[in-house]
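Below is one structure, written out as structure tokens, with a few remarks after it.
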Amino acid sequence: PPGLFVLGTVPTIIRCWLNQDFSHSALLYAVVCTGSQKSTLDDRLLKDLGLLDRVQKDGNGNSFIRLPVYLPEAVVTQPTSRPCSPGPHLPSMTVNFDVNIDSAKSSSKKGIRIFLGSDTLRAHMADLLLSKNCMEISSDDGSRLRVAFVRPEDDSVFKNIVTGHVVREKAQLKGTAAPFTPAEKR
């Protein structure tokens, strides 16, 4: 409808849950960001969700976490032929997130703190259909899903999202002590 274009284009944002608190108040926004190689999360969000204890470190000292991303608005377009468990099933995909440590300086609690990067999009064979305001993606069980992009109620949540370049220092020992001199040479 022409009246909807007054608001502008729909951003590539989806709604999701990162834990099994499937309530409306627990819904989160995630940016689908093809310009980011890695999927990222804020450490404050993990603290709010009680998931900080699941954060791990890689060989370079970078923090990461592996979490299911539940997609409440996903529509199954091609079901899997694999047998599934009885009972209701909420489509999900597992994502390896880099964790932004000390993110309090850069993000607000009401802002978007989940970024789905091209690593996740490729791993789940995502196709972004901007002309239809949705993406198609494969779930963990192999089903093909269509997930609609949404516009958060508050424009300030998404109007100034940027993709930036952050160079992380590799963990290494930095010696700053004076060189050792044997006692007899003094």
Side-chain angles (χ1 to χ4, degrees), residues 9-58 62-101 103 107 110-152 157-158 161 163 166:
T9 59
V10 176
T12 56
I13 295 173
I14 62 170
R15 283 191 270 254
C16 63
W17 286 299
L18 295 180
N19 60 19
Q20 293 185 356
D21 176 9
F22 299 142
S23 65
H24 181 73
S25 62
L27 270 172
L28 302 166
Y29 290 111
V31 173
V32 177
C33 185
T34 61
S36 174
Q37 181 185 7
K38 302 290 267 171
S39 298
T40 62
L41 274 177
D42 278 2
D43 62 340
R44 289 186 320 145
L45 176 60
L46 293 174
K47 182 179 179 187
D48 293 346
L49 296 174
L51 298 171
L52 266 181
D53 60 332
R54 294 182 51 191
V55 174
Q56 300 175 14
K57 298 257 185 199
D58 66 13
N62 298 319
S63 299
F64 72 94
I65 190 168
R66 183 177 171 88
L67 290 173
V69 175
Y70 298 99
L71 305 167
E73 296 172 339
V75 175
V76 177
T77 60
Q78 196 173 9
T80 183
S81 58
R82 295 183 221 163
C84 60
S85 60
H89 174 71
L90 187 62
S92 67
M93 60 182 177
T94 303
V95 178
N96 293 317
F97 289 103
D98 278 5
V99 178
N100 294 329
I101 301 296
S103 58
S107 68
K110 75 172 190 170
I112 296 177
R113 301 182 284 173
I114 305 168
F115 292 81
L116 299 175
S118 59
D119 58 339
T120 297
L121 300 175
R122 287 184 195 281
H124 292 277
M125 298 180 290
D127 292 320
L128 276 62
L129 305 170
L130 299 176
S131 63
K132 296 181 180 180
N133 292 327
C134 68
M135 74 172 169
E136 291 183 353
I137 196 160
S138 294
S139 68
D140 283 343
D141 72 0
S143 297
R144 197 75 179 146
L145 310 172
R146 178 171 287 135
V147 184
F149 295 139
V150 298
R151 172 186 296 281
V157 169
F158 68 91
I161 292 175
T163 302
V166 177

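Reckoned from all heavy atoms, side chains included, excluding hydrogens, waters and symmetry mates. Note that the coordinates shown come from a computational prediction; the quantities given were computed from them, not determined experimentally. Quick note: residue numbers are just sequence positions, from 1.
The shortest heavy-atom contact between Val76 and Ser143 is CG1-CB, 4.2 Å. Residues Pro152 and Pro11 approach most closely at CD-CG, 4.4 Å, considering heavy atoms. When all heavy atoms of Asn96 and Asp119 are compared, the closest pair comes out as O-OD2, 3.9 Å. Of all the heavy atoms in Phe149 and Ile14, the pair that sits closest is CD2-CG2, 3.9 Å. Smallest separation of non-hydrogen atoms from Ser39 and Gly117: OG-N, 2.9 Å.
Looking at Leu116 and Met93, their side chains come closer than 4.5 Å, going by heavy atoms from C-beta outward. A heavy-atom distance below 4.5 Å is not found between the side chains of Ser63 and Asp43. Side-chain contact between Arg144 and Met125: present, with at least one pair of heavy atoms (C-beta onward) separated by less than 4.5 Å.
If you take CG on Leu28 and CD1 on Ile114, they are separated by 4.5 Å, rounding to the nearest 0.5 Å. With values rounded to the nearest 0.5 angstrom, Asn19 atom CG is found 9.0 Å from Leu67 atom CG. Considering CG of Asp53 and CG of Leu46, their distance stands at 9.5 Å, rounded to 0.5 Å. Distance check: Leu18 CG to Phe97 CZ gives 5.5 Å after rounding to the nearest 0.5 Å. Taken from CD in Glu73 to CG in Leu27, the straight-line distance is 7.0 Å, to the nearest 0.5 Å. Taken to the nearest 0.5 Å, the CG atom of Asp127 stands 8.5 Å off from the OG atom of Ser138.
The side chain to side chain contact (heavy atoms under 4.5 Å, CB included) test with Val32 is passed by exactly one of Val147, Ile13, Ile137, Leu121: Leu121. Of the residues Thr120, Asn100, Val31, the one that meets the side chain to side chain contact (heavy atoms under 4.5 Å, CB included) test with Phe115 is Val31.
Between the Ser92 side chain and the Val69 main chain, no donor and acceptor come within less than 3.5 Å of each other. Using modelled atom types, one side-chain atom of His124 and one backbone atom of Thr94 make a donor-acceptor pair closer than 3.5 Å. In this structure, the side chain of Asp42 does not engage the main chain of Arg44 through any donor-acceptor pair within 3.5 Å. Remark: the backbone N or O of Ser36 is paired with a side-chain donor or acceptor of Ser118 at under 3.5 angstrom.
Phe22 and Trp17 have tilted rings, their planes meeting at an angle from 30° to 60° on a 0 to 90° scale.
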